[in-house]
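See below for the structure under consideration.
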There are 2 protein chains.
Amino acid sequence: MAQGSDRLIIGIDYGTDSVRCLVVGASDGKELATEVAPYKRWKAGKYSDPASNRFRQHPLDYIESLQAAVTGALAKLPKSAGGRVAAIGIDTTGSTPCAVDRSGTPLALTKGFEENPNAMFVLWKDHTAVKEAERVNSVSRGWGGTDFTKYAGGVYSSEWFWSKILHVLSEDPKVRARAFSWVEHCDWMPALLTGTTDPLTMKRSRCAAGHKALWHAEWGGLPPDEFLVRVDPRLRGLRERLYSESQTSDKSAGGLTGEWAKKLGLKAGIPVAVGAFDAHMGAVGGGITEKTLLKIMGTSTCDMMIADERSVGSKCIAGICGQVDGSIVPGMVGLEAGQSAFGDVYAWFRELLCWPLQAVAPSARGLPKAGIAALGSDVGSRLLDALAEAAEKIDPAQSSVIALDWLNGRRTPFADQTLKGAIAGLTLGSSAPRVYRALVEATAYGSRAIIEQFKAQGVGVSEIIAMGGVAKKGGFVMRVTADVLGMPIKVAASEQCVALGAGIFGAVAAGIYPSVREAQKKMASGYDAKYVPDRKRAALYNSLYKRYLDLGGRLEPFLRAL
Amino acid sequence: MAQGSDRLIIGIDYGTDSVRCLVVGASDGKELATEVAPYKRWKAGKYSDPASNRFRQHPLDYIESLQAAVTGALAKLPKSAGGRVAAIGIDTTGSTPCAVDRSGTPLALTKGFEENPNAMFVLWKDHTAVKEAERVNSVSRGWGGTDFTKYAGGVYSSEWFWSKILHVLSEDPKVRARAFSWVEHCDWMPALLTGTTDPLTMKRSRCAAGHKALWHAEWGGLPPDEFLVRVDPRLRGLRERLYSESQTSDKSAGGLTGEWAKKLGLKAGIPVAVGAFDAHMGAVGGGITEKTLLKIMGTSTCDMMIADERSVGSKCIAGICGQVDGSIVPGMVGLEAGQSAFGDVYAWFRELLCWPLQAVAPSARGLPKAGIAALGSDVGSRLLDALAEAAEKIDPAQSSVIALDWLNGRRTPFADQTLKGAIAGLTLGSSAPRVYRALVEATAYGSRAIIEQFKAQGVGVSEIIAMGGVAKKGGFVMRVTADVLGMPIKVAASEQCVALGAGIFGAVAAGIYPSVREAQKKMASGYDAKYVPDRKRAALYNSLYKRYLDLGGRLEPFLRAL
């Protein structure tokens, strides 16, 4: 129990639209208070252009929202609470890099760059660097020596560090002239709070470095200058101004500065853990252990595992997005897989079915426009539940409809963003619930393909823990997924596993626990639901899964070329 | 011009739900009056069971509706009109066979069988005889000698004559004991009106015999008793009580009886042409000539062609449903192809998109139930137009979505009812109009595949005439179809081409014209719309069509096995 004398830990979770501050008890992880603060400029639509997939965030959004979230959360607790906070852990989205000057200050905070999107953080989902990613990949493939992408799944993404840096450097000579170095959002926040922003000594996140910047101990850190110059001469010399070491998040980045202690209502000097990405810290908050697949199920999925260094060693796990020593739990190899679309597949179908209500109904006569709009929004919000209710009654053995879940490409196994979705076996009797069931089965088959790939690579999966919006919503999707996986799925009880995971790292960085594993035992989330597969349906899905693989095999080259 | 002294012709078109009587001028085919009369028992849902695909029609429905339609049409004309009618032509659906007694009377008109569905006409779309069709096919394949299905596309259907007869004989011992012979609806109507119903001498329709009963001159008529007995011993001896000769519809079945002349308000003795199926007479009404593909576009399509006997001879046109000497135009080989679903594909998508309005909206709060129901029906009726409007703006070169149109199996080329539909290339941005466009393109690709098959078999297509609901509605679907086919499509002006075709046969049977071709020149429908392909889009679709073939080739075995 978090008593009045107990130490508290703050977990900070920077999401896509807002930051969350969670205050937990250090001894038991009990969630005592939380506050979410949106990014104001982002919310106003500034600096981004969805039509061209450009998404930028201003550093002031991060600073202002942090202060609001922390003071807001503490305001819900007794006045003494601020003084009892013993550590801070921080996670962010990523790869979300930003150009900084010699002092480690994001250029958008310096004169003349205040309104320049290229001087801001390039958000994880920004897709402006497609060309640059292709360049990294083509050089990588033509490169005689080491394949620097081999621990990152073999394909470098437009969403990642070097692609984004190169895109900004190519597009914006002013930023190019002024940028001394670059930071990830999860590097910069702890550095800012601890006054350690010098780019040459700033503690760099192992998680970001390993998964997004091609950092690996095998080649002594980042890829050599020679490689980067081959990608583009504009990268010449940058490696020297970045880093060669990276840190796991059980380490402290430094002590909270007096200035920030005052702003946040905390004690100066308390440790701030080295940052990491949300999914990775979330996996820790959700209770990841060896042989446990931690599945974060939302619009897409992140499928996280950790493996013993000795069993994986320097072996490449084929077909998986990334493997980085210590990116999730220090001392273990963090493995990251995922599905490019999960809940998004259902959302696509919902939008498809709502088209008449949006495009046709408003011109109907005899009913008030406002009433139709209300009806449309009401139907839209209840549609997936209604589809699930009807789909649940369909016997999967009796339906000919089968789908491929690659509507947003495929992340794992074997990343290929050029793939697309498909629905096959349609008859004139294929109703909306039947198609919906096929889509849900398809996303479950996609989940299974990841597990099969882990297994084929010698990484056993004996347990599944799910978190994220789709998992918490539960019901039909989770039942089908359990049936298709043929394994029980436990759902993490906490609604805030990610911030909780950040808090766990804070507690370890503060020395309250000797290791992440020990901290997890006391602080990580429990489970509030368990989906056990139906034996008969699991057996059926065992054979239907082969049909999914067959369909995928037949269509892969075709879909790639569309 | 049909002057007061001009002779008139009556065309009778028995459809699925009603019969149409059309009165036209003999000299110019001008449509003077028409009347449609529904089948009362059928409309009341009697004798059929849609859940088990059993569809039966009572002969009294045909008799009563005929009288209502003819007298109704004549009532719209001057009193003298009935006396000026010089001939009657009749078409019906098919294969729609019925058991008759020794006198040629359908059993349902005899004592003790009045309410027995097995004693009634087995409607074309009745699918109760699936097992029996399999039996015909398996015997046919194991048969050492002639392949009796070779002019019927090589696969015998559950919708056809022998399958249906065998199904009724197997299921109903009472009908088996009483049935002397069997008639097609299009055999029986002219026989009834002319008092020539003796089954042993009744004029049998070449069209029905050739397309549905495996009749061919090559083997002297119907398949030999030996073959039929191999299919099922219950067929023993039936061939003797059916027919060995069949007639084209330019021949008269006899003169109108005094009794029927009185009932209909016509002169006794006027000739009634031998009957045929609706699509075949419709093709004549629409203006079919050599090298003209006559495409009847509705829920499904019938694609009719005629070819010179000398050029086709006894050669089998591979992959086409049927080829019968004289089934469309006497002296020419009638070729029948078609798509199992055309408008039905769009109707499927409309139903899919309307699911929320039917299943979810009615439980919404704050709007009156009646209002929501009205909205649902309003949206449903306007939906395809709205989709077309939005889909027309999509550049086919920019869309990755591509579909297979086999949602109801594939009739031509190479009939396979086990095939199913598919939609491939879906992304999260694939909107309803985008999917709709892909479905419309798919049905057009299906049309093109038929034309390519005709061409590959040496049957050139230089012109396309379209008729039927989809063609008359016109617009987007017709523009896309013209672009995909790369040929102009003319649309028959008459809304009643089928009854008009029946009238043309009546006029020829009466000797008013020496041949169907000559009668067509004066009487057949003109054209009221022409869709000319856009040169650029036609070129694009030339290559996208190859993509459709590629997709089909990859998926065929997979879809078949679902």
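Letters A, B, ... mirror the listed sequences (proteins, then strands); counts begin at 1.
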Select, from [options], the one with the greatest count of heavy-atom pairs under 4.5 Å involving chain A.
options: B:L562, B:L428, B:L559; result: B:L428
options: B:F558, B:W348, B:F349; result: B:F558
options: B:L383, B:V345, B:L404; result: B:L383
options: B:G409, B:G425, B:A361; result: B:G425

>> Using a strict threshold of under 4.0 Å (side-chain N to carboxylate O), is an ion pair present between A:D303 and A:R411?
In response: no
>> Between B:K546 and B:D550, does any NZ, NE, NH1 or NH2 come within less than 4.0 Å of an OD or OE carboxylate oxygen?
In response: no
>> Ignoring hydrogens and geometry beyond distance, is a side-chain donor-acceptor pair present between A:Y548 and A:E441 at under 3.5 Å?
In response: no
>> Would you say B:T16 and B:K125 are linked by a side-chain donor-acceptor pair, where the criterion is simply a distance under 3.5 Å?
In response: no
>> Report which part of A:S431 has an atom under 4.5 Å of a heavy atom belonging to chain B: side chain, backbone, both, or neither.
In response: backbone
> So what's closer than 4.5 Å to chain B heavy atoms on A:S430: side chain, backbone, both or neither?
Replying inline: both
Among [options], residue most engaged with chain B (heavy-atom pairs, under 4.5 Å):
options: A:R350, A:K420, A:E351; answer: A:K420
options: A:D385, A:L387, A:D344; answer: A:L387
options: A:S363, A:G380, A:A359; answer: A:S363
options: A:N408, A:V401, A:I402, A:L551; answer: A:L551
options: A:V379, A:L357, A:L419; answer: A:V379

> Would one find more than 12 heavy atoms of other residues, nucleotides or ligands at under 6.0 Å from atom NZ of A:K369?
Replying inline: yes
>> Using a 6.0 Å cut-off, check whether atom CD of B:E392 has over 12 heavy atoms from anything other than its own residue.
In response: yes
> What closest approach, in Å, do B:L375 and A:A364 show between heavy atoms, and which atom pair accounts for it?
Replying inline: CD1-CB, 3.4 Å
Relative to chain A, which segment of [X] carries a heavy atom at a distance below 4.5 Å: side chain, backbone, both, or neither?
X: B:A347; answer: neither
X: B:T427; answer: both
X: B:D378; answer: side chain
X: B:R547; answer: both

